[in-house]
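Computed from a predicted model, the values in this text were never measured in an experiment.
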Amino acid sequence: SELLKTMQAIFTLLAAVAVAVHANKPHIFMVIVDDFGWAEVGYHRNGSYKNDVHTPTIDSLVAEGVELNRHYVHYACTPTRTSFQSGRLPVHVTLSLANPCQPGCGMPRNMTGVAEHLSSAGYATHFVGKWDVGMTTPTHTPKGRGYDTSLNYFGHGNWMWSEAEWQGSYNKRDTLPPCDEPGCSKDLWATDRPANDLNGTQYEEAIFRDHVVDIIQQHDPSQPLFLTYASKVAHYPLQAPKEYQDKFSFIEEPHRRVYHAMVNYLDDNLANFTSLLKAKGMWNNTIMVLTSDNGGYVKSFEGNCDINTPHGYACFNGEAGANNYPLQGGKYSTLEGGVRVNAFASGGFLPEAVRGTVQEEIVHVADWYATFAHLAGVDPTDHKAAASHLPPIDSLNVWPLISGQTTTSPRQELLINANTLIEGEWKLLMGKVIEANWGGPQYPNQSTATDPIENYNMDCTAGCLYNVARDPHERNDVASSNPDMLASMKQKLTTLAKGIWTQDGKPDPVCREVSQSRYGGFLGPWKEID
């Protein structure tokens with residue numbers, strides 16, 4: 001009939017419009033690794049020490065992509081992850097680690113998430129892994145921030161064979177500590193409900209792997225995909241399948257052995273994901289970005305690992321096992337080992353001319369917010385935040401830099417906190433600076449057990465100045481020979497620090513009550529849920 005023909009014509013037109021809308025929009029695959037030490041990838045090692053790690057997939061992706069040699073983040077988990085999702089520098093959203101039961105954890109509810117922008121541009125949006133950006137209300141969860149689906153945990157870490165909440169490093173324990181409710185909950189969430197059908201079924205990274213594989217397999221390649229995979233690797237507690245630990249049996253120190261096993265598991269996951277994207281014909285139109293959320297931890301052992309588990313060693317005392325050599329410091333420190341991290345861009349969407357290059361200009365994790373919005377063809381401005389008088393985005397579009405259209409980053413200034421400022425090639429440190437020492441190529445080991453990097457501090461009361469472009473290891477304080485630069489940066493630091501905006505607060509006990517009464521002992525939103 002004529003009506004049927006008319007309707008078919010309309011559907012054909014709508015399909016054509018949909019294809020046009022999606023044309024030239026790349027698939028975006030964002031990978032956030034947890035506590036990933038600078039020296040924990042093959043491409044940052046050489047000689048005999050290269051054999052300590054096994055990351056062939058990552059090394060290959062870097063060789064085919066753009067290595068980001070000055071990619072900065074915060075020195076702890078929550079601020080970095082909130083920075084990416086919100087497009088703000090941590091100094092304009094949150095500066096502290098936060099418990100998911102704190103109402104002020106992560107992003108304020110009236111900030112717009114990066115996935116909301118991409119969803120408005122027609123992207124299918126999915127989140128898998130560690131969230132750590134808040135869960136106070138459903139709006140604070142991945143779904144509330146614009147992700148169509150999520151399989152995530154909300155806190156800093158959990159036990160990888162049970163998804164029981166990890167409540168911080170322990171000292172001098174010989175066996176795995178119990179997780180006793182109601183003070184300790186399970187932490188695994190599926191979009192809008194507890195993932196009680198998945199917790200405890202297999203190694204957590206295998207659960208995430210299978211979910212990512214399902215997302216890619218079921219995705220229609222004609223629609224642009226935004227997939228964020230925030231791996232549990234290699235946050236505490238350290239756990240890995242025994243067959244992966246056995247690959248590194250030549251490493252005597254168990255913390256380092258399990259850490260390297262976890263990284264190798266991650267590398268295998270990335271091999272699975274990228275192979276599948278290629279098999280589906282999506283890789284040639286994909287931009288993949290990988291970054292750590294901060295440097296690797298370099299604290300003391302504070303006890304042995306437990307060997308008497310069904311899965312080999314489990315390490316939960318102290319925070320040790322990572323290596324940032326040859327950078328100084330690590331997680332929790334403003335030195336380069338804490339804030340300058342493993343990062344790269346790869347994928348077939350990158351122009352051929354920039355593949356296999358090293359980018360020495362500054363990029364911050366917040367900058368991917370505006371960059372991804374640009375690639376999606378949408379304005380990254382956060383109008384919702386402006387209406388609530390919240391700080392605007394700091395994110396800068398770095399695609400012209402990454403794609404080779406320009407050689408200069410729009411990011412030339414970076415306020416880390418009230419005591420740390422980066423300006424071009426210069427870095428100013430003020431006050432007491434923690435973890436002021438370097439490890440070696442095989443840090444940690446038994447000889448460093450009683451002398452970890454965390455034992456060392458540096459007095460920068462008068463100001464320490466480094467040229468981190470020429471001296472990335474921060475071995476030469478040049479403050480005395482550059483008094484004008486020192487004075488200028490001190491003045492700028494004082495001015496910028498006045499604009500710091502952050503959130504604080506204590507955990508709300510109602511969070512635990514709702515975990516028990518509504519979610520069967522799982523963490524989840526506890527406000528605005530009825």
So, E474 and R340, do they make that salt bridge, N to O below 4.0 Å?
no
Could you work out, with side-chain hydrogen bond (donor to acceptor under 3.5 Å, both in side chains) as the rule, every residue matching D394, not counting sequence neighbours?
H92
Does a salt bridge link E435 with K331, judged by any charged N lying under 4.0 Å from a carboxylate O?
no
From L415, V91, T334, L493, residue fulfilling side chain to side chain contact (heavy atoms under 4.5 Å, CB included) relative to T420:
T334
When the aromatic ring centroids of H311 and W161 are compared, is their separation below 6.0 Å?
yes
For a quick test of reading the model, state the closest non-hydrogen atom pair linking W438 to P326 and the distance between them.
CD1-O, 3.3 Å
Would you say the side-chain atoms of R209 and Y203 include a donor-acceptor pair closer than 3.5 Å?
no
For a side chain to side chain contact (heavy atoms under 4.5 Å, CB included) check, start with the C-alpha distance between L95 and I500, then their side-chain angles and the critical distance, and finish with the verdict.
CA-CA 9 Å; L95 279 171; I500 290 177; 3.8 Å; yes
Plane angle bin for Y170 and W159 - parallel if under 30°, tilted between 30 and 60°, otherwise perpendicular
tilted
Note: D59 and V41 closest approach over all heavy atoms is OD1-C, 4.3 Å
If we ignore angles and hydrogens, is there a donor and acceptor under 3.5 Å between the side chains of Y147 and Q85?
yes
Compute whether any side-chain donor of one residue and acceptor of the other, for N294 and H74, lie under 3.5 angstrom apart.
no
Polar side chain donor-acceptor pair, Y236 to D35, under 3.5 angstrom
no
Please name all residues satisfying side chain to side chain contact (heavy atoms under 4.5 Å, CB included) with C460, sequence neighbours left out, ordered by chain then number.
L429, V433, M458, C464
Between the side chains of N342 and S292, is a donor N or O closer than 3.5 angstrom to an acceptor N or O?
no
Between E165 and K186 (salt bridge meaning N to carboxylate O under 4.0 Å), is one present in this structure?
no
Could you check whether the rings of Y229 and F273 sit parallel, tilted or perpendicular, using 30° and 60° as the cut-offs?
perpendicular
Would you call D34 and K130 a salt bridge, taking side-chain N to carboxylate O under 4.0 Å as the test?
yes
Give me the atom names and distance for the closest heavy-atom approach of V298 to Y443.
O-OH, 3.3 Å
Between D180 and G183 (side chain of the first, backbone of the second, donor and acceptor by atom type, cut-off under 3.5 Å), is there such a pair?
no
Can you list every side-chain hydrogen bond (donor to acceptor under 3.5 Å, both in side chains) pair that touches residues 246-264, not counting sequence neighbours?
E40-H260, D52-R256, K242-D246, K247-N264, E253-H255
Side chains of W131 and H140: donor-acceptor distance under 3.5 Å anywhere?
no
Please test Y519 against W189 for ring-ring contact (aromatic ring centres under 6.0 Å, His included), starting from the C-alpha separation and ending with a verdict.
CA-CA 10 Å; Y519 302 129; W189 190 259; 5.2 Å; yes
Can you find a side-chain donor-acceptor pair between W38 and N323 that sits under 3.5 Å?
no
Please verify the inter-ring angle class for F250 with F248; under 30° counts as parallel, over 60° as perpendicular, anything in between as tilted.
tilted
Okay, side chain of N317, backbone of R173: is any donor-acceptor separation there less than 3.5 Å?
yes
For A271 versus S275, what's the shortest heavy-atom pair and its separation?
O-OG, 2.8 Å
Looking only at atom types and distance, does a side-chain atom of T136 sit under 3.5 Å from a main-chain N or O of P103, one as donor and one as acceptor?
yes
Can you find a side-chain donor-acceptor pair between T191 and T149 that sits under 3.5 Å?
no
Salt bridge K299-E454, side-chain N to carboxylate O under 4.0 Å:
yes
If the plane angle is over 60° it's perpendicular, under 30° parallel, otherwise tilted; pick one for Y265 and Y244.
tilted
Going by an N to O cut-off under 4.0 Å, is there a salt bridge joining D459 and K432?
no
Between T139 and E528, does any side-chain donor sit less than 3.5 Å from a side-chain acceptor?
no
Is a donor on one side and an acceptor on the other found under 3.5 Å between the side chain of S346 and the backbone of M288?
no
